[in-house]
Amino acid sequence: MNDNKIARRKFLVKAGTVSALAATGLAACTSEKKKESDVPYINFNKKYRWKMTTTWPPNFPITGEGCKKLTQWVKQMSGGRMEIIVYGAGELIPALEGFDAVSNGAVEMNHGAAYYWAGKLAAAPFFTAVPFGMNAQQMNSWIISGGGQALWDEVYAPFNLMGRMCGNTGFQMGGWYNKEINTLDDLNGLKMRIPGLGGKVLARAGGTPMLVSGGEIYTNLERGVLDATEWIGPYHDYLLGLHQVAKNYYYPGWHETGPVLELLINKEKFNELPSDLQEILLTACSRSNEWMLSEFDYKNGVYLKKIREVESVSIKQFPKEVMDGLRVAAKETLDDLAANDPVSQKVYKAYNEFRKVISSYMEIGEKIFYEQMN
Ligand code: CA
């Protein structure tokens with residue numbers, strides 16, 4: 001018997017043993033067996049009960065609802081072998097402590113967005129949204145097909161974490177302003193609630209970004225503590241009542257052009273799952289990714305119509321001068337970030353290269369079409 005035949009016979013014996021054990025639910029979870037990616041490891045006898053914290057209040061429209069759906073899908077697909085208990089922000093840990101809690105295994109998962117972890121990992125915002133960045137469809141393409149996921153895995157690995165796309169808010173609005181923004185000078189000294197890199201861009205353009213939690217935006221805007229705020233899009237902005245406390249509703253949302261929502265998973269715990277539950281979890285995650293974006297797109301359309309009907313509100317486009325200035329400030333902000341952090345530099349380079357490739361096609365396709373469709 002030649003070497004190839006011996007190797008093949010050995011493989012068949014091994015594969016046969018694993019399938020037989022899997023069928024009786026007795027397959028052992030050894031790292032050696034799990035490395036054979038073509039041989040499923042299934043254990044019907046063991047149940048998994050995971051905890052998932054979220055950055056959102058309990059039952060928050062779309063994102064909170066989507067998390068609940070994800071747990072139901074996982075439970076159904078796994079025949080009840082995997083149950084995920086969802087905790088809203090503050091129920092188990094504070095809203096923005098998911099990174100540490102998942103990293104050290106206190107909880108198995110967190111639903112939020114990578115840019116919340118910028119303080120721990122400067123490159124994290126590239127996996128959510130950067131100012132003047134890619135839209136939701138382009139982010140999906142980068143992460144799924146353009147090498148984005150491998151980079152994301154690489155930068156999260158030192159933290160024992162893996163991030164997966166699990167929703168997207170779609171294109172956001174530019175925000176609510178108590179005064180008109182006609183020139184770049186109108187941004188000077190503007191006190192605006194705008195977090196993350198968007199805030200840094202505003203500061204570079206002369207404004208004053210302020211950190212205000214979702215629950216305090218309405219009163220701060222009403223009392224003049226804030227001159228302006230961004231939130232999400234027409235649906236959530238309307239639910240927060242922002243149309244009652246500001247007159248000018250500006251577009252487009254240059255700072256969040258298609259933010260990816262993230263399911264953050266403890267890597268070690270994920271690796272311990274039987275292979276079918278791993279696939280079930282990732283499949284439910286993809287389905288949530290699709291469901292949340294679809295909901296945002298639809299509800300934003302419905303609620304934009306409602307906001308248009310509010311007489312005190314005028315919906316306006318940022319003038320070209322303002323957009324040009326913000327775009328320059330955005331590029332400087334991202335260049336600075338890359339210059340000061342080697343990981344960000346690597347991710348920024350890959351992000352830009354990918355964008356260049358797909359933009360050339362969008363330039364002659366969708367862009368022209370949208371400009372001329374009406
Ligand atoms: Ca926002």
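Just so you know, ligand 1 is whichever comes first in the structure, and atom 1 is the first atom listed for that ligand.
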Report the residue from Leu263, Ile85, Leu92 that forms a side chain to side chain contact (heavy atoms under 4.5 Å, CB included) with Met52.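 Between Met52 and the candidates, side chain to side chain contact (heavy atoms under 4.5 Å, CB included) is satisfied uniquely by Leu263.
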
Please determine which of Leu281, Leu161, Val102 meets the side chain to side chain contact (heavy atoms under 4.5 Å, CB included) test together with Ile265.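 The side chain to side chain contact (heavy atoms under 4.5 Å, CB included) with Ile265 is passed solely by Leu281 among Leu281, Leu161, Val102.
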
Looking at Arg204, Lys331, Lys200, which hits salt bridge (Lys or Arg N to Asp or Glu O under 4.0 Å) with Asp336?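 So the option named by the test is Arg204.
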
Return yes when atom NZ of Lys75 has more than 12 non-hydrogen atoms of other residues, nucleotides or ligands closer than 6.0 Å, and no otherwise.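 Count not over threshold, so no.
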
With a cut-off of 3.0 Å, does any N, O or S atom of Ile232 fall short of it relative to the Ca ion (ligand 1)?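 Checking Ile232: none of its N, O or S atoms is under 3.0 Å.
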
Hey, is there an N, O or S on Thr169 sitting under 3.0 Å from the Ca ion (ligand 1)?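 Thr169 does not place any N, O or S atom closer than 3.0 Å to the Ca ion (ligand 1).
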
For N/O/S atoms only: which one belongs to Glu256 and is nearest the Ca ion (ligand 1)?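 Of all N, O or S atoms in Glu256, the Ca ion (ligand 1) lies closest to OE1.
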
With rounding to 10 degrees, what does the angle Gln172:OE1 / the Ca ion (ligand 1) / Glu230:OE2 come to?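 My answer is 150°, to the nearest 10°.
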
